[in-house]
Amino acid sequence: MLTNIVIGIIGSFVGGFVYSLFGKTGVTGINLRSIWVALVGSCILIWISRKVKL
């Protein structure tokens, strides 16, 4: 569980990076858009980590 929390936090940075690739702004403060960006990045990174561990 702690691993998922750490991966989720790192995933928020991944989400910001992914959104910047699409020309969108990433995290801009505490608002719904920033939470959405962090959630998407966290889900991507947790999904990748689970696929790698098999």
task: Treat each ILVMFWY residue as a node, draw an edge where side-chain heavy atoms are under 4.5 Å apart, and state whether Y19 and L32 are in one component.
output: no
Common cluster, F13/V37, ILVMFWY with side-chain heavy-atom separation under 4.5 Å: no
query: Who pairs with I9 by side chain to side chain contact (heavy atoms under 4.5 Å, CB included), at least two apart in sequence or on another chain?
result: I5
From [X] atom [atom1] to [Y] atom [atom2], the distance as rounded to the nearest 0.5 Å:
X   : Y   : atom1 : atom2 : value
R50 : L45 : CZ    : CG    : 11.5 Å
S42 : I35 : OG    : CD1   : 11.5 Å
F22 : F17 : CZ    : CZ    : 10.5 Å
I46 : I10 : CD1   : CD1   : 10.5 Å

message: Check this for me: L21, atom CG, are more than 12 non-hydrogen atoms of other residues, nucleotides or ligands nearer than 6.0 Å?
response: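 Counting other residues, nucleotides and ligands, CG of L21 exceeds 12 neighbours.
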message: Between S34 and I30 (side chain of the first, backbone of the second, donor and acceptor by atom type, cut-off under 3.5 Å), is there such a pair?
response: no
